[in-house]
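To start, the structure itself, in structure tokens.
Chain identifiers are assigned alphabetically (A, B, ...) following the order of the sequence lines, protein sequences preceding nucleic acid strands; residue numbering begins at 1 within each chain.
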Amino acid sequence: MSKRILYWLQNDLRIDDNPIFSDLALQQCALDIVFVINPHWFRNNNYQQKPYGVHKQQFLMQSLFELQQVLIERGQTLHVLEGEPVTVLKQRIADQHIDGVVCAEHVGIYEQRQLARLKAHCPHVIFKTTQQDTLFKQSDLPFDLNELPKNFTPFRKKVEAVNIPITLSALPKTLLPKPITLCAAKPIESHNNLEHLMHGGLNSAQTHLEHYFSGLLPSTYKTTRNELDGFNNTTKFSAWLAFGCISARQVYNAVEQYEQNHIANESTYWIKFELLWREYFKWHALNVGSSLFSFKGQKHTKPLTTFIPNRFAAWCNGATPYPLVNAIMNELNATGYISNRARQIAASCLVNELSLDWRYGAAYFEQQLIDYDVAANWGNWQYIAGVGVDPRGGRHFNIEKQTLQFDPHAVYTNKWQGNKNTSTQLDNVNEVDWPI
DNA sequence: CAGGCTTTGTA
DNA sequence: ACAAAGCCT
């Protein structure tokens, strides 16, 4: 391997169970650890949304801050650069005389294209990429990726049948390779302006892992996981998983440890089951490529929905005719997090009651959710809209029934003021525009 | 080809 | 448990 290596960090902001770091620790090299903040994350995209809203931005900065502290303790550092990633990295590679680049493989198509462009710009640099975002290695899957089952259940049955080993990468106690640059990295400003349930970073993730598995919560997960509210009703690993502050393998391993030390029941199995959904969406995203973002998804016909700006704005701002949906959107806007149940209700409302183009909903969740994950977000929206991996034609949740079942005494709706901006009709018709 | 029986997939 | 799709008669 080369002598001067650059590690381009993306959604792998951890040192434990990080095969790239484990490998680098054994190398004789000088190492430059870099994260690039892309200004496009804070500008409007095709859907007039920003890929990074304020909550997600704060979680990212917290995650970078914690990682930088840990790397400094190990005689290394993290350089956070700003700009278009290919341009910035190309310059860095030239300035620092880099001859090898290592990074994790990403299931997102933009990220894959960025890496391909960087490779094309730097023909003399050796690139080594590692798949470390999934539970399984692609070579351990009992089928070729292009033969990935079309639905979750056959996927689950196939992978469960072969019992794929899930092993963690150990990080040697030795220091990491020496930094390339003598100048210290710019310290990261710690952002803690917004109150969040989850604090970004690898240490915070480990603290939460210990919290979640130290009590009895895992053994009741299946009975509480559908609640609209309540920190301990679900595992809450999603945001740390999304930024790679913790790996899915570490969570999976912790479940199995818990099963050995305490109890293995339907609930503990269900945590692993949900990690398999995440896994399925990862491989699905990689398999279907750009159609993950297309209006008709993997189907041949487009949904019978359109884009109506006022309706979409009402949905975003919690001003629909549905108090439960309004409460959900208010919580999302205030905190950057909503429960799985809440996501399904809000998404179904956008597609079915409001007849809106599902991609706008997906882009809004991408902006607002601190745990945004390209595969899970776009895959789930396609599923709700009936253009993805669900064998049925989408999912229509009956909002009245969902309210009766999950918020019968309006505790959640009142907490998030779902009645504050409830409109009585879908569209505000201006009488002046109405021909008499 | 309506109607019932079986299979499949479910967060 | 249940609903939709596929299959059979």
Side-chain angles (χ1 to χ4, degrees), chain A residues 134-136 142-143 147-161 212 217-239 241-242 248 251-252 255 265-285 287 292 297-301 303 324 328 332 337-352 358 361-362 365 369 371-407:
Chain A
T134 44
L135 283 174
F136 310 129
F143 39 76
E147 279 157 17
L148 180 76
K150 297 275 173 289
N151 304 103
F152 170 71
T153 300
F155 166 81
R156 178 178 61 80
K157 289 184 174 166
K158 281 187 174 166
V159 297
E160 283 177 344
Y212 189 75
L217 296 174
S219 50
T220 54
Y221 171 73
K222 192 163 184 268
T223 60
T224 58
R225 61 175 294 279
N226 268 319
E227 295 299 314
L228 282 171
D229 207 2
F231 186 78
N232 288 330
N233 284 331
T234 56
T235 63
K236 297 289 183 303
F237 287 114
S238 56
L241 284 168
V251 178
Y252 197 97
V255 180
N265 61 14
E266 224 186 342
S267 280
T268 57
Y269 167 71
W270 219 254
I271 302 172
K272 298 192 282 186
F273 181 102
E274 299 297 343
L275 284 170
L276 285 182
W277 265 103
R278 174 187 185 274
E279 187 74 3
Y280 181 59
F281 276 124
K282 292 276 177 190
W283 295 118
H284 174 68
N287 188 32
L292 188 66
Q298 290 84 57
K299 297 285 190 286
H300 296 291
T301 48
L324 179 61
I328 289 167
L332 175 63
Y337 185 87
I338 46 177
S339 67
N340 174 58
R341 171 69 26 193
R343 292 173 201 208
Q344 296 191 45
I345 296 168
S348 168
C349 175
L350 178 132
V351 171
N352 297 298
W358 67 268
F365 273 18
L369 285 170
D371 60 12
Y372 167 76
D373 173 295
V374 64
N377 187 66
W378 292 81
N380 268 309
W381 272 94
Q382 291 199 332
Y383 176 103
I384 294 283
V387 298
V389 294
D390 192 1
R392 308 170 194 186
R395 292 288 163 134
H396 190 176
F397 288 84
N398 183 326
I399 298 175
E400 231 173 286
K401 277 191 191 167
Q402 293 288 315
T403 306
L404 277 173
Q405 197 179 343
F406 295 104
D407 197 29

Round to the nearest Å and state the distance from [X] atom [atom1] to [N] atom [atom2].
X	N	atom1	atom2	value
A/F152	B/dG9	CZ	P	12 Å
A/D373	B/dA11	CG	C1'	15 Å
A/W270	B/dT10	CH2	P	11 Å
A/N151	B/dT10	CG	C1'	10 Å
A/K158	B/dG9	NZ	P	10 Å
A/N340	B/dT10	CG	P	14 Å
A/K150	C/dA4	NZ	P	23 Å
A/K272	B/dA11	NZ	C1'	17 Å

### Message
Any base atoms under 4.0 Å from A/F155, or only sugar-phosphate, or nothing? Heavy atoms, all strands.
### Response
nothing
### Query
Can you find a pair of side-chain heavy atoms, one from A/H284 and one from A/L292, that are under 4.5 Å apart?
yes
#### Entry: Check: A/E279 and A/F152 side chains under 4.5 Å, non-hydrogen atoms
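Contact flag for A/F152/A/E279 side chains = no.
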### Axial cation check for A/Y212 ring with A/K236, 6.0 Å and 45° limits
no
### Query
Expressed in whole Å, how much space separates the P atoms belonging to B/dT6 and B/dT10?
22 Å
### Query
Taking atom types as they are modelled, is there a donor-acceptor pair under 3.5 Å from the base of B/dA11 to the side chain of A/N380?
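For A/N380, whose side chain was compared with the base of B/dA11, there is a donor-acceptor pair (under 3.5 Å).
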### Message
Just checking A/E160: does its CD atom have more than 12 heavy atoms from other residues, nucleotides or ligands closer to it than 6.0 angstrom?
### Response
yes
### Message
Would you say A/T153 places a side-chain N or O within less than 4.0 Å of OP1 or OP2 belonging to B/dT10?
### Response
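Yes.
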